[in-house]
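Following: one structure in structure tokens, then a few remarks.
Naming convention: chains lettered A, B, ... in sequence-line order (proteins, then strands); numbering from 1 in each chain.
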2 protein chains.
Amino acid sequence: MGVSKTHIFTTAQNELAQAAKVLAHPARIAILQYISQQENCICNDLVDVIGLSQPTISQHLNEIKKIGLLQGTYEGKNLCYCIDPKRWKELHLSFDAFFSNINQNCCQI
Amino acid sequence: MGVSKTHIFTTAQNELAQAAKVLAHPARIAILQYISQQENCICNDLVDVIGLSQPTISQHLNEIKKIGLLQGTYEGKNLCYCIDPKRWKELHLSFDAFFSNINQNCCQI
DNA sequence: ATTATATATTGCAATATTACGATGAAGCTA
DNA sequence: TAGCTTCATCGTAATATTGCAATATATAAT
């Protein structure tokens with residue numbers, strides 16, 4: 001089989017899992033960390049900074065873009081990728097809500 | 001190739017990605033949410049609550065256990081799985097630090 | 001128009017993940 | 001002991017992910 005049974009879970013559960021999946025690769029963590037620290041940036045920077053090939057970086061950027069974390073505009077021949085701060089904040093809140101919701105009294109030993 | 005080049009990233013980046021990978025499946029989100037709300041729980045509960053087979057639940061629990069998020073003890077024939085609140089807090093802080101670290105001035109449009 | 005540079009897409013190979021039936025191991029109950 | 005319950009592990013099939021070479025596309029500069 002190998003297919004995730006997404007239909008048996010809630011939308012919120014699927015969305016959080018989807019977001020986590022984007023963060024579930026060190027290259028994408030590194031890319032997001034780098035981008036979030038720049039005034040602007042282009043893909044070619046990332047190839048040098050991260051150390052993966054240009055097609056691979058492009059694919060990772062695409063994954064990040066899929067969950068709306070990037071906003072990009074062409075400036076001349078260079079593509080300027082930036083974090084969408086609104087979406088970033090949304091995800092921050094989602095993860096925070098998930099981690100905040102825990103019963104600390106669960107069978108302590 | 002298909003192998004993640006973990007060696008070109010920092011330990012922190014790999015660890016955060018590894019933690020995110022555990023959250024990158026709706027079943028594991030659901031399991032964690034369920035367990036964190038219970039005083040204690042057994043795998044058989046989860047099979048009914050989540051709706052996946054017992055071996056699949058067992059595998060998911062194992063993934064969650066790998067990053068130290070579960071502490072479990074046998075109580076009679078039943079296994080009592082619980083969240084490790086210390087580890088939970090650690091991960092909460094890691095994700096929080098990641099999301100807090102953003103330069104909001106990045107080329108806004 | 002031609003060339004150079006930057007990014008996207010395609011195709012493919014290697015590996016990882018997801019899921020479950022079958023089976024095994026461990027403990028309880030009678 | 002025999003049967004039952006609970007959970008882990010094995011084996012296997014389907015699908016997803018990761019990575020890159022090759023190639024395509026798009027803009028800039030000459």
Are any protein N/O atoms closer than 3.5 Å to N/O atoms in nucleotides 8-10 of chain C? If there are, list each pair with its distance.
unit_1 : atom_1 : unit_2  : atom_2 : d
C:dA8  : OP1    : A:Tyr81 : OH     : 2.6
C:dA8  : OP2    : A:Ser58 : OG     : 2.9
C:dA8  : N7     : A:Gln54 : NE2    : 2.7
C:dA8  : N6     : A:Gln54 : OE1    : 2.8

In whole Å, I'd like the distance from the [atom1] atom of [X] to the [atom2] atom of [N].
X	N	atom1	atom2	answer
B:Ile50	C:dA19	CD1	P	11 Å
A:Asp48	C:dT7	CG	C1'	14 Å
A:Asn44	C:dA4	CG	P	17 Å
B:Lys5	D:dG19	NZ	P	7 Å
B:Ile57	C:dT18	CD1	P	13 Å
B:Lys66	C:dA16	NZ	P	11 Å
A:His7	C:dT18	NE2	P	16 Å
B:Ile64	C:dT17	CD1	P	14 Å

- Message: For A:Lys5, give me all partners under side chain to side chain donor-acceptor pair (under 3.5 Å), at least two apart in sequence or on another chain.
- Response: none
- Residues at least two apart in sequence or cross-chain that pass side chain to side chain donor-acceptor pair (under 3.5 Å) with B:Thr10, listed by chain then number, are B:Gln13
- Answer yes or no: is there a side-chain heavy-atom contact under 4.5 Å between B:Gln59 and B:Glu63? no
- Between B:Phe98 and B:Leu16, is any pair of side-chain heavy atoms under 4.5 Å apart? yes
- Query: Do any of residues 17-34 of chain A sit with a heavy atom less than 4.0 Å from DNA chain D, and if so which?
  - Reply: A:Lys21, A:His25, A:Arg28
Show me the donor-acceptor pairs within less than 3.5 Å that the side chains of residues 46-55 of chain B make with the rest of the protein, sequence neighbours left out.
unit_1  : atom_1 : unit_2  : atom_2 : d
B:Ser53 : OG     : B:Thr56 : N      : 3.4
B:Ser53 : OG     : B:Thr56 : OG1    : 2.9

- Distance check: side-chain N/O of B:His60 vs OP1/OP2 of C:dT17, anything under 4.0 Å? no
- Closest approach of A:Gln33 and A:Ser36, non-hydrogen atoms and distance? O-OG, 3.0 Å
- Item | Minimum-distance pair of heavy atoms, taken over all atoms of B:Ala17 and A:Pro26 | CB-N, 3.4 Å
- Message: Pairing donors with acceptors under 3.5 angstrom, does anything connect the side chains of A:Asp96 and B:His92?
- Response: yes
- Residues forming a side-chain contact (heavy atoms from CB on, under 4.5 Å) with B:Asp45, sequence neighbours excluded: B:Tyr34, B:Cys41, B:Ile42
